[in-house]
2 protein chains.
Amino acid sequence: MSALDKDDRALSQSDKALLALRELILNGELKADERISELSTVERLGVSRTPVRMALVRLEEEGLLESIATGGFAVKSFTEADIADAIEIRGTLEGLAARLAAERGVAPEALAAIQDCVEELDVCVRETAQNPEQFTQYLKLNARFHTMLIDLANSRGLVRQIERASTLPFASPSGFVMAQSVLPESRSILIIAQDQHRAVLDAIQKREGARAEAIMREHARVAHRNLQLALQSQRSFDLVPGGALIRRRATV
Amino acid sequence: MSALDKDDRALSQSDKALLALRELILNGELKADERISELSTVERLGVSRTPVRMALVRLEEEGLLESIATGGFAVKSFTEADIADAIEIRGTLEGLAARLAAERGVAPEALAAIQDCVEELDVCVRETAQNPEQFTQYLKLNARFHTMLIDLANSRGLVRQIERASTLPFASPSGFVMAQSVLPESRSILIIAQDQHRAVLDAIQKREGARAEAIMREHARVAHRNLQLALQSQRSFDLVPGGALIRRRATV
DNA sequence: TGAAGCAAAAATGTATACATAATCAGAAAA
DNA sequence: TTTTCTGATTATGTATACATTTTTGCTTCA
């Protein structure tokens, strides 16, 4: 009857296992570099081994797990360099999307729709000054902006590939937004990022492919800066989704 | 006793199913946009449904299959635009690898090793003039070159992502080499590609990141030209691996 | 006290049984 | 002849049983 019940009925056991497992991993409830026991997972999730197994295979393909030589899977752990590379990869692919959109041209309606999204982001950025809870709203709008931008390239394959690149939560466009929210620099970072949102649309509209590409690459590097800032502050670091998977040099 | 027997023993049923299914798909023995019957597959491969199922899930994640709304999986089909995009994506990521290698610098031994590979390619290209069978050798060396180049970036994540981008056989660096071999332009294409191999290493050695990146992007576009040529000649098209998955506009 | 070996327990990989949902063929009606 | 409905068949999704391998913990020996 409730939305949850409806979801429960609609979702297959395999999907349920996939979602639940992903959450357990990102929350750090399954420790990195440790084998995931299928039996305990069965007990925890209330589904049989078969769907658990399916989910494990999918998560390995996603890059969140790695297979163990003697059988089974373990949660993967990531170094700071891994994360930096992941962000750079996403930036490169989003840059490609922006360039293709600019070069191929986009329908005026699609451009208008994403420009609306930017307007909403503008309001949101302005309001964060008084209302810090706006960050969750920013998170949503920012994710929407990135999805819409990628769609402008009109390429199935590119969407797929960028989705894959953003599977690691700290590589996704929204990865460090919450972590950033507690930093003193937070407002200026928002302003800069928002300016890049506007700039890339301008470039796309003017069919300036190289510029559009360069902007999106630089835009991703905002996340990289946030990563470094987050690593310096425990309070900020705790807000990074999937933070438990990060192998830090020194635990303070 | 034979190598095959040894492999058969070493390979798990799941791996066996994965390899066999991938081959069936690429050979076109499983028709595109048609559901893959698990039961018939079980009979064909001689393994039970469980490993077949695992393989199907993996192949869906790879992008070779798509799930059907009513259950099960079907072989995906690709348009010319899909393939062009896939090649552009690979070129972009290989460009990133080359740039990172140039910017970060590479160990002299690693550079020497890949330069040896280029030397071998040189010999190979020269000999194709008299000996067309050299193309299979070129295929091997070319694949090795690309693998080694990507490794120069020293990034786990990037290797993963490029592997994924090259899963579609026609997106891989070797995808159109055989198709090219029957074209009249084949020798000049080889010479151009080989020059790009040399040039990118020169750029990496001199730490010229932007140049290294641009060269690899352009290098991928050789494959794109080969695609267009191959589409014009049935004889050439038949040599494209996974050609059965390509939805052609007009079948001649 | 430490290491090595062995046995018991538990884990994974595989096969298969079962339930439910989808597909297909055929009959009946328009 | 075409369409629709219904029963039968077959498909997938899930659970579970079984075999083999790995892991663990205890005992024994140096």
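First the proteins, then the strands, lettered A, B, ... as listed; each starts at 1. All values reported here derive from a predicted model rather than from experimental measurement.
- At least one donor-acceptor pair under 3.5 Å links the side chain of A:Arg164 to the backbone N or O of A:Glu61.
- The stretch residues 55-67 of chain B has no heavy atom under 4.0 angstrom from DNA chain D at all.
- In terms of modelled atom types and a separation under 3.5 Å, the side chain of A:Ser236 and the main chain of A:Ser233 share no donor-acceptor contact.
- The shortest heavy-atom contact between B:Leu100 and B:Ala153 is CB-CB, 4.1 Å.
- At least one donor-acceptor pair under 3.5 Å links the side chain of B:Asp82 to the backbone N or O of B:Thr79.
- For the pair A:Asp85/B:Leu158, no side-chain contact is recorded, criterion being any heavy-atom separation below 4.5 Å from C-beta on.
- Listed in residue order, the members of residues 19-32 of chain B having a heavy atom less than 4.0 Å from DNA chain D come to none.
- Shown here is A:Asp151, whose CG atom has more than 12 heavy atoms of other residues, nucleotides or ligands within 6.0 Å.
- At distances below 3.5 Å, at least one donor-acceptor pair connects side-chain atoms of B:Arg90 with backbone N or O atoms of B:Ala171.
- Put simply, the side chain of A:Arg248 gets close to the backbone of A:Leu231: a donor and an acceptor are under 3.5 Å apart.
- Side-chain atoms of B:Phe176 and B:Gln228, non-hydrogen and from C-beta on, never get closer than 4.5 Å to each other.
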(Q) Generate the contact string for nucleotides 8-15 of chain D. Rules: B means base contact, S means sugar-phosphate contact only, - means no protein heavy atom under 4.0 Å. (A) ---SBBBB
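- Annotation: side chain of A:His146 is in contact with side chain of A:His219 (closest heavy-atom distance under 4.5 Å).
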